[in-house]
Amino acid sequence: MAFDPSLAGEAYCYFTTTGRRTRDPHTVEIWFGMPGDGHALYLLSGGGERSDWVRNLRANPAVGVRIGAPDAVEVRAAARVVEPGDEDTAARGLLAAKYQGWDGTSTMSPWARTSLCVAIEPAGTEGRA
């Protein structure tokens with residue numbers, strides 16, 4: 001299963017986690033990057049591990065994602081923090097290019113270089129890199 005690659009150009013996705021204490025759904029509107037094959041979405045948390053949504057997905061990686069309009073169909077997915085390496089580098093480049101016009105020849109912004117990278121994979125594709 002994959003996300004619809006035709007939605008990669010949308011400005012935002014709506015990412016829903018389950019509250020680690022309340023068990024209530026929590027939705028954030030957030031920038032995302034999507035590779036051409038739609039196998040994952042990538043998010044950057046400027047607040048790193050301190051962000052509530054990161055704390056929530058650490059407690060329960062089952063999440064929901066809507067791309068585009070807030071009333072779009074929600075896709076069930078799994079979230080994970082991306083470890084340093086090729087996937088992390090590619091995800092940062094994807095987001096920096098989409099939102100900051102990064103062309104690969106200059107230094108990335110501090111946001112793109114230092115934010116915590118998170119992968120969101122549609123249910124049934126967890127662990128794919």
Side-chain angles (χ1 to χ4, degrees):
M1 183 171 189
F3 293 105
D4 181 350
S6 72
L7 299 173
E10 291 288 334
Y12 303 101
C13 73
Y14 297 86
F15 175 59
T16 302
T17 59
T18 300
R20 62 196 176 282
R21 292 186 186 128
T22 66
R23 305 290 181 240
D24 292 335
H26 294 274
T27 302
V28 295
E29 179 183 79
I30 192 167
W31 288 351
F32 73 98
M34 183 192 311
D37 65 1
H39 76 271
L41 299 181
Y42 293 99
L43 316 176
L44 293 177
S45 171
E49 295 281 353
R50 296 179 320 273
S51 294
D52 281 335
W53 64 267
V54 172
R55 290 177 182 178
N56 289 344
L57 73 83
R58 287 279 201 189
N60 180 357
V63 299
V65 178
R66 298 184 314 272
I67 301 172
D71 61 348
V73 174
E74 185 167 280
V75 174
R76 290 186 354 198
R80 62 180 171 81
V81 172
V82 177
E83 298 299 325
D86 292 344
E87 181 184 24
D88 181 70
T89 300
R92 291 175 189 284
L94 192 63
L95 278 124
K98 181 176 179 179
Y99 293 102
Q100 299 178 323
W102 184 70
D103 63 5
T105 63
S106 59
T107 302
M108 280 185 191
S109 71
W111 168 77
R113 278 193 331 269
T114 64
S115 296
L116 183 70
C117 186
V118 172
I120 310 300
E121 297 164 319
T125 61
E126 296 82 5
R128 181 177 171 185

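Because only heavy atoms are used, hydrogens play no part in the values below, and waters and symmetry mates are left out as well, while side chains stay in.
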Enquirer: Identify the heavy atoms of Asp24 and His26 that sit nearest to each other, and give their distance.
Expert: O-CD2, 3.0 Å
Enquirer: What heavy-atom pair brings Leu43 and Cys13 nearest, and what distance separates the two atoms?
Expert: CD2-SG, 4.0 Å
Enquirer: Mind listing the closest non-hydrogen atom pair of Cys117 and Ala91 along with its distance?
Expert: SG-CB, 3.6 Å
Enquirer: Hey, could you give me each pair passing ring-ring contact (aromatic ring centres under 6.0 Å, His included) that has a residue in residues 56-91? Not counting sequence neighbours.
Expert: none
Enquirer: Any side-chain heavy atom of Arg92 sitting closer than 4.5 Å to one from Leu94?
Expert: no
Enquirer: Test Val81 against Leu116 for side-chain contact (heavy atoms from CB on, under 4.5 Å), laying out the working first.
Expert: CA-CA 7 Å; Val81 172; Leu116 183 70; 3.6 Å; yes
Enquirer: Not counting sequence neighbours, which residues clear side chain to side chain contact (heavy atoms under 4.5 Å, CB included) with Ala40? List them please.
Expert: Tyr42, Glu121
Enquirer: Give every residue pair that meets the side chain to side chain donor-acceptor pair (under 3.5 Å) criterion with at least one member in residues 109-120, sequence neighbours excluded.
Expert: Gln100-Ser109
Enquirer: Glu29: which residues meet the side chain to side chain donor-acceptor pair (under 3.5 Å) condition with it, sequence neighbours left out?
Expert: Tyr14
Enquirer: Could you go through residues 66-76 and list every donor-acceptor pair under 3.5 Å that involves a side-chain atom there, pairing it with any protein atom two or more places apart or in another chain?
Expert:
| unit_1 | atom_1 | unit_2 | atom_2 | d |
| --- | --- | --- | --- | --- |
| Arg66 | NE | Pro70 | O | 2.6 |
| Arg66 | NH1 | Glu74 | OE1 | 3.3 |
| Arg66 | NH2 | Pro70 | O | 3.2 |

Enquirer: For Ala8, is there any backbone N or O sitting under 3.5 Å from a side-chain donor or acceptor partner on Lys98?
Expert: yes
Enquirer: According to side chain to side chain contact (heavy atoms under 4.5 Å, CB included), who are the partners of Thr105, at least two apart in sequence or on a separate chain?
Expert: Asp103
Enquirer: Checking one residue: Met108. Which other hydrophobic residues are in its cluster under the side-chain 4.5 Å linking rule?
Expert: Trp102
Enquirer: Under the rule for side chain to side chain contact (heavy atoms under 4.5 Å, CB included), what residues qualify as partners of Pro61, not counting sequence neighbours?
Expert: none
Enquirer: Does Ala79 have any side chain to side chain contact (heavy atoms under 4.5 Å, CB included) partners at least two apart in sequence or in another chain, and if so, which?
Expert: Phe15, Leu57, Val63, Val118, Ile120
Enquirer: Can you list every pair that meets ring-ring contact (aromatic ring centres under 6.0 Å, His included) and has a residue in residues 57-94, with sequence neighbours left out?
Expert: none
Enquirer: What residues form a side chain to side chain donor-acceptor pair (under 3.5 Å) with Ser51, not counting sequence neighbours?
Expert: Ser45
Enquirer: Tell me which pairs pass salt bridge (Lys or Arg N to Asp or Glu O under 4.0 Å) where either residue lies in residues 38-55, with sequence neighbours left out.
Expert: Arg20-Asp52, Glu49-Arg58
Enquirer: Should Phe32 and Phe3 count as side-chain neighbours, where that means a heavy-atom distance under 4.5 Å?
Expert: no
